[in-house]
Amino acid sequence: VCAIQNFDGSLYKLIYLWQDDRFELYNLTKDPGERKNLADSKVSVVAHLANQISNWLEQKDPSWQPQFPIDKHSGMPASFDPKFPKGTTD
């Protein structure tokens with residue numbers, strides 16, 4: 001799952017890797033090749049974009065039924081439940 005949005009004049013892309021329960025964040029303006037993961041240094045951007053992903057996945061529309069991948073360990077559909085350090089979520 002990913003989200004892309006402008007912040008402070010730069011275009012950021014957030015990727016959530018559900019298998020590892022982690023994020024990757026890239027500044028597409030300065031790093032179009034997505035080589036430097038900024039997730040640890042731009043926690044507020046990660047939190048904001050993760051909140052947008054969560055809202056998108058949880059939208060209530062009869063035509064929208066996301067198909068989550070199956071977790072190999074539990075055999076159940078994976079969920080989007082990101083963990084953030086305190087004070088970083090909206």
Side-chain angles (χ1 to χ4, degrees):
V1 177
C2 74
I4 299 174
Q5 187 171 3
N6 275 308
F7 285 95
D8 299 325
S10 289
L11 187 64
Y12 286 94
K13 176 181 179 180
L14 179 71
I15 303 168
Y16 178 65
L17 302 164
W18 66 271
Q19 304 93 326
D20 302 326
D21 192 28
R22 69 182 177 89
F23 290 101
E24 292 182 0
L25 179 71
Y26 300 100
N27 181 330
L28 297 179
T29 304
K30 295 179 181 177
D31 178 20
E34 299 179 15
R35 292 194 169 104
K36 182 171 178 160
N37 182 1
L38 303 172
D40 291 336
S41 62
K42 298 278 190 182
V43 178
S44 62
V45 176
V46 170
H48 179 79
L49 289 174
N51 187 49
Q52 288 190 331
I53 290 171
S54 182
N55 289 340
W56 180 70
L57 289 171
E58 293 173 357
Q59 64 184 317
K60 305 295 183 212
D61 185 305
S63 66
W64 172 246
Q65 296 177 356
Q67 300 295 311
F68 292 93
I70 302 299
D71 184 284
K72 291 180 183 178
H73 300 290
S74 69
M76 302 297 293
S79 63
F80 183 74
D81 186 20
K83 312 293 186 278
F84 301 107
K86 286 188 175 184
T88 59
T89 57
D90 292 352

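Atoms considered below: every heavy atom in the structure, side chains included; atoms not considered: hydrogens, waters and symmetry mates. Position 1 is the first residue of the sequence, and the numbers go up from there.
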Is there side-chain contact between [X] and [Y], with at least one heavy-atom pair below 4.5 Å?
X	Y	result
His48	Gln5	yes
Phe7	Lys42	no
Gln52	Leu14	no

Checklist entry - Do other residues, nucleotides or ligands put more than 12 heavy atoms under 6.0 Å from Asn6 CG? => result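 More than 12 within 6.0 Å, yes.
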Checklist entry - Is it the case that more than 12 heavy atoms not belonging to Asp8 sit under 6.0 Å from its CG atom? => result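 Not more than 12 within 6.0 Å, no.
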Checklist outcome for this item: Contacts of Asp20 meeting salt bridge (charged side-chain N to carboxylate O under 4.0 Å, His left out) (sequence neighbours excluded), chain-then-number -> Arg22
Rounded to the nearest 0.5 Å, how far does [atom2] of [Y] lie from [atom1] of [X]?
X	Y	atom1	atom2	answer
Lys30	Ser10	NZ	OG	5.0 Å
Asn37	Tyr26	CG	OH	4.5 Å
Ile15	Leu49	CD1	CG	11.5 Å

Next on the checklist: Let me check something: do Leu17 and Val43 share a hydrophobic cluster, defined by ILVMFWY side-chain heavy atoms less than 4.5 Å apart, either directly or through other members?
Outcome noted: no
Checklist entry - Between Cys2 and Lys13, which heavy-atom pair has the shortest distance, and what is it? => result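 Scanning both residues completely, I find the closest heavy atoms to be SG-CE, 4.4 Å.
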Next on the checklist: Give me the atom names and distance for the closest heavy-atom approach of Ala3 to Ile53.
Outcome noted: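 Scanning both residues completely, I find the closest heavy atoms to be CB-CG1, 3.7 Å.
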Checklist entry - Just by modelled atom types, is the Asp31 backbone N or O under 3.5 Å from a matching donor or acceptor in the Asn27 side chain? => result no
Checklist entry - Taking the six-membered ring for Trp, are Tyr16 and Phe23 parallel (under 30°), tilted (30 to 60°) or perpendicular (over 60°)? => result tilted
